[in-house]
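Quick caveat: nothing in here was measured; it's all calculated off a predicted structure. Proteins get letters first, then strands, A, B, ... in listed order; numbering begins at 1 in each.
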Amino acid sequence: MAGRFAAGGAGGRGTRMSLTGLDLWTSFWRGSMKLLMVSVGQGRYAVSADAVARILDPELEPELRRAVQEGQAAVEGQPVRIVDLHRLAGETRTGTGVFLLVRLGSARTLLPVDQAEAIREVAPSAIAPLPPFIFAGEKRLFRGVFDDGERARLLLDEEALR
Amino acid sequence: MSGGSAPSLLGFRVGPVRAALPLALVREIIERPVVVRVPGALPHVGGVILRQGVAVPVYDLGRFAPLWQGRPDDTAGAPEERRHLIVCDWGDSLVAILAGGVDLLQAGDAGPADDAGPSESLRREFVGGMMRHGDSIVALLDPVRLFASLGVPAAPGGDAGEGDGEEDPARR
């Protein structure tokens, strides 16, 4: 099974994106994780596709771009925290990109990324846990690293995005 | 490497200092590794590498402030000078150190730190001894003190697991 990340749009009207074909039970039975591969600056990351509720396009919602500086945006009238991986990596944000609305329970977080690349299934056994002692605090943004066939990629911890 | 008895130390350059660790700790040396940066990690953590399915933390000693007398940035050295990774076994963990100028050394010439003069840059508590190698003075790092200060929990005889990471990052 493969989930599908689709992107398309008309000139001057931004880009419409959707996640389709997500089948949690199939993933469960196969013992695999469905991950959305994203890039942020020099970094390559992955986030559980099941946790991504929406992908927002700043071309359609320009206030999102301004909200990055404030660390918070309004989504559907509710305040949502923004986690800026560019800033955490010490990089300067360039380009437009998209915003992932990550949902964990009732908590929602916006994650600006340069590009949503693909959805792939990854065997949990392929993900190496990160040593917790490399982080300053108990809350860490990443829970593992895996080889995506081209390079190592960090797996975001949705719990830390709460 | 000098002639004579078998080497027992691995010498390397970190910033302006020649240092060494016991060769018995060294599992492998990797040239020009691809290190994955980890946003939010401690400043002296250069990132991680994947080795045989294990995430190995990479330490940049040039940025580890407690190791140095002065500001760590003054002693960090250019990235080009730190093109090797020294991967060490420490207890049940693997730990990697960014370094340059890697060389095998014999411990025969090692003497007390005071004999060769104190290092100008390294804090004395991290130095177990000094030895002369050619024209340079090599600081023998105390691995127990060094790794403990870096936050690596697995000391020999300790009970930390490999990588001491989360048991199941996939949360199965």
Side-chain angles (χ1 to χ4, degrees), chain A residues 27-28 30-35 40-46 48 50-51 83-91 104 111 121-161, chain B residues 30 33-60 63-65 79 85 87-98 146-155 158 160-172:
Chain A
S27 291
F28 177 80
R30 290 190 176 189
S32 62
M33 297 180 70
K34 194 182 298 296
L35 302 179
V40 180
Q42 298 294 313
R44 298 292 178 271
Y45 309 102
S48 170
D50 299 334
V83 173
D84 187 356
L85 285 175
H86 271 293
R87 184 179 57 78
L88 284 170
E91 298 175 344
L104 192 71
L111 194 67
E121 287 191 341
V122 176
S125 59
I127 302 168
L130 290 176
F133 52 82
I134 67 172
F135 296 97
E138 290 190 2
K139 205 164 189 177
R140 47 197 173 126
L141 266 181
F142 305 97
R143 54 177 154 136
V145 59
F146 63 97
D147 188 340
D148 71 0
E150 295 179 9
R151 56 188 291 184
R153 193 178 280 264
L154 293 169
L155 174 60
L156 276 156
D157 187 348
E158 307 89 55
E159 291 280 353
L161 296 178
Chain B
I30 306 169
V34 177
V35 179
V36 180
R37 289 183 61 199
V38 182
L42 292 163
H44 53 273
V45 174
V48 294
I49 58 166
L50 265 178
R51 297 301 283 179
Q52 297 170 333
V54 176
V56 180
V58 175
Y59 288 96
D60 185 347
R63 293 183 176 277
F64 183 49
L85 263 190
V87 182
C88 299
D89 284 298
W90 187 245
D92 293 328
S93 296
L94 289 174
V95 178
I97 294 171
L98 276 170
L146 177 64
F147 292 137
S149 298
L150 287 171
V152 182
E162 185 161 67
D164 203 35
E166 186 177 312
E167 286 186 3
D168 184 1
R171 300 223 173 90
R172 287 169 290 181

Next on the checklist: Please give me the minimum heavy-atom distance between Pro57(B) and Pro131(A), naming the atom from each residue.
Outcome noted: CD-CG, 3.8 Å

Next on the checklist: Among Leu150(B), Ile49(B), Val38(B), which residue has the highest count of heavy-atom pairs closer than 4.5 Å to chain A?
Outcome noted: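 That would be Val38(B).
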
Item to check | Proximity breakdown for Tyr45(A) and chain B, heavy-atom pairs closer than 4.5 Å | outcome: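 Looking at Tyr45(A), just its side chain touches chain B.
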
Checklist entry - Can you say whether Ile134(A) sits under 4.5 Å from chain B via the side chain, the backbone, both, or neither, judging by heavy atoms? => result both

Checklist entry - With side chains defined as the heavy atoms from C-beta onward, is the minimum distance between Phe135(A) and Val45(B) less than 4.5 Å? => result no

Checklist entry - Can you find a pair of side-chain heavy atoms, one from Pro39(B) and one from Leu154(A), that are under 4.5 Å apart? => result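 Yes, their side chains come closer than 4.5 Å.
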
Item to check | Heavy-atom contact with chain A under 4.5 Å, split by part of Leu42(B) | outcome: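 Both parts, heavy atoms under 4.5 Å.
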
Checklist entry - Just by modelled atom types, is the Ala89(A) backbone N or O under 3.5 Å from a matching donor or acceptor in the Arg37(B) side chain? => result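 Yes, the answer is positive, given that a donor and an acceptor are paired below the 3.5 Å cut-off.
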
